[in-house]
Amino acid sequence: MGTDIHSSEPKAVLHRYLKRSRDAVLWKLDGLSEHDVRRPLTPTGTNLLGIVKHLAGVEAGYFGDCLGRPVPDMPAWYAEMMADTLEDNGDMWARPDETREEILALYARVTAHADAVIEELDLEDSGTVEWWGDAGTAVTLQWFLVHMIAETNRHGGHVDIVRELIDGAAGMRRDASNLPSEDGSYWETHRQRVQDVADHFA
């Protein structure tokens, strides 16, 4: 049974917000070239496809291995990540031999696995997060859900900024931009007003 979008049951609410967070990340890749989804647009190399790859690995860890329900047929880099032998930031960018389609398919497969685990378990059911040390024993599904919502939304903010830097596209979700205006002249005026105030303090 899928999550009822109108349910106020605590697990259903948390699951609904996780799904919305995932969708908010994914649609920011829509309509972009292979080059643009891979471009590093911050000094630390933040890029759209790498964020999706990273989130796939994180969800596979928390809702898979940590709960004793590993996702089958994960790529080699994931095993290295779980063994803490992956190169620094190895999950934050797509290698030349990793296609966009493969990474998006991996994320879809991992999130479907996570959804099934979430539906199966109760919020009080628990797993183990080895890399959390003593704090990682008897971690409940509720903790995993809250943590993954926070993780996905944090990276959702990253993809918002990166996409805006690529082509100016902005907004929270496909069906709800959460922006006061779609008019370019409005934003030019607003940005200039903010710039003028900043310059006053230069």
Side-chain angles (χ1 to χ4, degrees), residues 2-3 14-32 34-42 44-121 127-132 136 139 141 143-163 173-174:
T3 303
L14 290 169
H15 198 182
R16 184 163 68 244
Y17 271 83
L18 175 59
K19 289 180 175 181
R20 286 181 177 178
S21 300
R22 294 167 179 162
D23 289 344
V25 168
L26 283 176
W27 84 270
K28 293 295 179 159
L29 280 70
D30 286 356
L32 293 179
E34 193 71 25
H35 175 245
D36 281 338
V37 297
R38 294 171 181 264
R39 287 170 62 191
L41 289 173
T42 71
T44 54
T46 305
N47 64 97
L48 296 173
L49 196 56
I51 287 173
V52 176
K53 178 180 174 179
H54 169 73
L55 287 172
V58 175
E59 282 220 31
Y62 287 128
F63 294 119
D65 295 74
C66 292
L67 286 165
R69 291 162 170 79
V71 181
D73 302 319
M74 289 295 288
W77 63 263
Y78 175 76
E80 293 177 31
M81 183 182 79
M82 294 301 287
D84 200 25
T85 59
L86 184 66
E87 65 172 333
D88 289 343
N89 288 319
D91 63 329
M92 295 294 292
W93 63 292
R95 297 178 179 279
D97 61 342
E98 293 178 308
T99 70
R100 174 189 198 154
E101 291 73 23
E102 287 171 346
I103 291 175
L104 292 177
L106 174 66
Y107 190 54
R109 188 162 59 83
V110 166
T111 55
H113 179 94
D115 288 342
V117 171
I118 293 164
E119 291 289 346
E120 176 187 345
L121 298 179
T128 302
V129 186
E130 294 183 1
W131 55 92
W132 286 4
V139 179
L141 177 65
W143 272 98
F144 286 124
L145 278 162
V146 171
H147 185 82
M148 202 63 229
I149 291 167
E151 175 85 8
T152 308
N153 275 305
R154 178 172 184 265
H155 290 301
H158 296 155
V159 299
D160 284 347
I161 297 300
V162 170
R163 179 62 191 256
R173 298 197 310 269
R174 288 185 183 94

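Side chain of Lys53 to backbone of Trp93: a donor-acceptor contact under 3.5 angstrom is found. In terms of modelled atom types and a separation under 3.5 Å, the side chain of His113 and the main chain of Glu59 share no donor-acceptor contact. At least one donor-acceptor pair closer than 3.5 Å links the side chain of Thr111 to the backbone N or O of Ala108. Put simply, the side chain of Arg109 gets close to the backbone of Pro72: a donor and an acceptor are under 3.5 Å apart. Judged by distance alone, the side chain of Arg69 and the main-chain N or O of Ala114 form no donor-acceptor pair under 3.5 Å. Put simply, the side chain of Arg163 gets close to the backbone of Asp30: a donor and an acceptor are under 3.5 Å apart. The backbone N or O of Leu29 lies less than 3.5 Å from no partner atom in the side chain of Asp36, so there is not a single donor-acceptor pair.
With rounding to the nearest 0.5 angstrom, the CG atom of Leu49 is 5.5 Å from the CZ atom of Arg38. To the nearest 0.5 angstrom, Ser21 atom OG is 14.0 Å from Arg154 atom CZ. The structure places CE of Met92 at 11.5 Å from CG of Leu86, a figure rounded to the nearest 0.5 Å. To the nearest 0.5 angstrom, Leu14 atom CG is 5.0 Å from Ile149 atom CD1. Between the CG atom of Leu26 and the OH atom of Tyr107 there is a distance of 5.5 Å, given to the nearest 0.5 Å. For the atom pair CD1 (Ile161) and NZ (Lys28), the distance works out to 8.5 Å, reported to the nearest 0.5 Å.
Atom CG of Asp97 has more than 12 heavy atoms from other residues, nucleotides or ligands within 6.0 Å. In the displayed structure, Arg173 atom CZ is contacted under 6.0 Å by more than 12 heavy atoms of other residues, nucleotides or ligands.
Contact of the Ile118 side chain with the Leu141 side chain is registered, since non-hydrogen atoms from C-beta on lie closer than 4.5 Å. Contact check for Glu34 versus Thr99: no side-chain heavy atoms found under the 4.5 Å cut-off. With a 4.5 Å cut-off on side-chain heavy atoms, Val110 and Leu55 do not count as touching. Looking only at side-chain heavy atoms (C-beta outward), Trp77 and Glu87 stay at 4.5 Å or farther from each other. Inter-residue side-chain proximity for His54 and Glu151 is flagged as met; some heavy-atom pair is nearer than 4.5 Å. The shortest side-chain heavy-atom distance between Val129 and His147 does not fall under the 4.5 Å cut-off. Val52 places none of its side-chain heavy atoms less than 4.5 Å from the side chain of Val37. Residues Tyr78 and Asp65 form a side-chain contact, since some pair of their non-hydrogen atoms from C-beta on lies under 4.5 Å apart.
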Checking side chain to side chain contact (heavy atoms under 4.5 Å, CB included) for the pair Met74/Leu106: CA distance, chi angles, key distance, verdict? CA-CA 8 Å; Met74 289 295 288; Leu106 174 66; 3.8 Å; yes
Applying side chain to side chain contact (heavy atoms under 4.5 Å, CB included), run through Asp115 and Arg22 and close with a yes or a no. CA-CA 12 Å; Asp115 288 342; Arg22 294 167 179 162; 2.8 Å; yes
Please evaluate residues Thr85 and Glu80 with respect to the criterion side chain to side chain contact (heavy atoms under 4.5 Å, CB included), reporting the C-alpha separation (whole Å), side-chain torsions for both, the decisive distance (0.1 Å), and the verdict. CA-CA 5 Å; Thr85 59; Glu80 293 177 31; 3.6 Å; yes
Step-by-step side chain to side chain contact (heavy atoms under 4.5 Å, CB included) determination, His15 to Glu119: CA-CA 9 Å; His15 198 182; Glu119 291 289 346; 3.7 Å; yes
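Summarising the geometry of Gly156 relative to Val25, their closest heavy-atom pair is CA-CG2, 3.9 Å, with the distance given to 0.1 Å. Phe144 approaches Cys66 most closely through the heavy-atom pair CZ-CB, 3.8 Å.
Using bins of under 30°, 30° to 60° and over 60° for the plane-to-plane angle, the ring pair Trp132/Tyr62 lands in the tilted bin.
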